[in-house]
Amino acid sequence: MTDTLFSKIIRREIPATIVYEDEDILGFKDIAPQAPVHVLFIPKHAPIPTLDDATAEQAPLLGRLLLAAAEYARREGLAQDGYRVVMNCREHAGQTVFHLHLHLLAGAPLGHFGTP
């Protein structure tokens, strides 16, 4: 995997507002939020460019990403009203940083999504 913006955030070479961290996962606020709450969750050690590149052996890590987002949502009081978790895969889906990540969106009614 090439060195990405997210790799630099993991190494603390560029600043980010970190809101979640454990041994394997980092969560930080998106710098261009698409909802009142927009947090990105990324694996800290696994070099996975896209979801399509993930392997069966990495399934536990993918599950931990989802559980980290859910834990954050509960901790921040977002779970009661609801939240959305999105993972884009490649350019046509909107992926701009090729370091696997998921978006947690919350804080307002989000409505439907899809092709405009």
Side-chain angles (χ1 to χ4, degrees):
M1 179 173 72
T2 60
D3 198 34
T4 68
L5 174 72
F6 293 170
S7 301
K8 293 175 183 177
I9 290 171
I10 291 166
R11 293 190 306 264
R12 309 306 203 264
E13 293 173 2
I14 60 173
T17 304
I18 296 170
V19 297
Y20 179 93
E21 186 167 15
D22 65 25
E23 184 177 321
D24 297 314
I25 297 165
L26 189 69
F28 54 93
K29 292 184 178 181
D30 194 298
I31 61 169
Q34 302 297 303
V37 176
H38 188 168
V39 176
L40 304 177
F41 290 85
I42 63 173
K44 291 168 50 175
H45 309 293
I48 309 169
T50 74
L51 182 58
D52 195 49
D53 297 305
T55 66
E57 292 78 28
Q58 293 165 320
L61 175 62
L62 298 177
R64 287 196 304 275
L65 279 172
L66 289 166
L67 293 174
E71 179 183 323
Y72 175 80
R74 286 190 302 273
R75 184 181 79 206
E76 296 300 311
L78 304 167
Q80 182 73 21
D81 287 336
Y83 57 94
R84 180 176 293 161
V85 175
V86 177
M87 187 178 290
N88 301 320
C89 184
R90 303 199 193 280
E91 294 90 350
H92 283 195
Q95 185 176 5
T96 58
V97 178
F98 290 86
H99 182 133
L100 184 130
H101 58 286
L102 63 83
H103 302 255
L104 180 139
L105 303 155
L110 299 173
H112 298 284
F113 65 95
T115 303

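For the atom pair D52 CG and C89 SG, the distance stands at 5.0 Å (nearest 0.5 Å). In this structure, the separation between CG on N88 and NE2 on H101 is 6.0 Å, given to the nearest 0.5 Å. The NE2 atom of H45 lies 8.0 Å from the CD1 atom of I10; values are rounded to the nearest 0.5 Å. One distance of note links CD of E23 with CZ of R64; it measures 8.0 Å at 0.5 Å rounding. Here the straight-line distance linking atom CG of L67 with atom CG of L62 works out to 11.0 Å at 0.5 Å rounding.
A69 and L102 get closest at one heavy-atom pair: CB-CD1, 3.9 Å. Across H103 and H38, no two heavy atoms sit closer than the pair ND1-NE2, 2.7 Å. Minimum heavy-atom separation, P33 to D30: CD-O, 3.6 Å. Minimum interatomic distance between D53 and P49 (heavy atoms only, all atoms of both residues): OD2-CB, 3.5 Å. For the pair P43 and L65, the tightest heavy-atom approach, listed with the atom from each and the gap, is N-CD2, 3.9 Å. Here the shortest heavy-atom pairing between G107 and P36 reads O-CG, 3.7 Å.
The backbone N or O of P60 sits nowhere less than 3.5 Å from a side-chain atom of Q58 that would complete a donor-acceptor pair. Listed for the K8 side chain is no donor-acceptor partner under 3.5 Å among the backbone atoms of D3.
Partners of E76 according to the side chain to side chain donor-acceptor pair (under 3.5 Å) rule, which considers only residues two or more places apart in sequence or in another chain, do not exist here.
There is a path of hydrophobic side-chain contacts, each under 4.5 Å, that joins M87 to I48. Residues L26 and V85 do not share a hydrophobic cluster, clusters being chains of Ile/Leu/Val/Met/Phe/Trp/Tyr side chains in contact below 4.5 Å. When hydrophobic clusters are built by joining Ile, Leu, Val, Met, Phe, Trp and Tyr residues whose side-chain heavy atoms come closer than 4.5 Å, directly or via intermediates, I42 is grouped together with I14. By the criterion of side-chain heavy atoms lying less than 4.5 angstrom apart, applied directly or through intervening Ile, Leu, Val, Met, Phe, Trp or Tyr residues, L40 is not grouped with L78; the two fall into different hydrophobic clusters. Note: the hydrophobic cluster containing V19 does not contain V97 (ILVMFWY, side chain heavy atoms under 4.5 Å, direct or indirect links).
In this structure, H92 places its NE2 atom where only 12 or fewer heavy-atom neighbours from other residues, nucleotides or ligands lie under 6.0 Å away. The 12-atom threshold is exceeded at CD of E13, counting heavy atoms of other residues, nucleotides or ligands nearer than 6.0 Å. Enclosure of atom CD1 in I31 is not indicated, since only 12 or fewer non-hydrogen atoms of other residues, nucleotides or ligands lie within 6.0 angstrom.
Residue Y83 forms a side-chain contact (heavy atoms from CB on, under 4.5 Å) with just one option from L110, L105, L104, and that option is L104.
The ring pair (Phe, Tyr, Trp, His ring centres under 6.0 Å) analysis of residues 16-35, with sequence neighbours excluded, yields the pairs F6-F28, Y20-F41.
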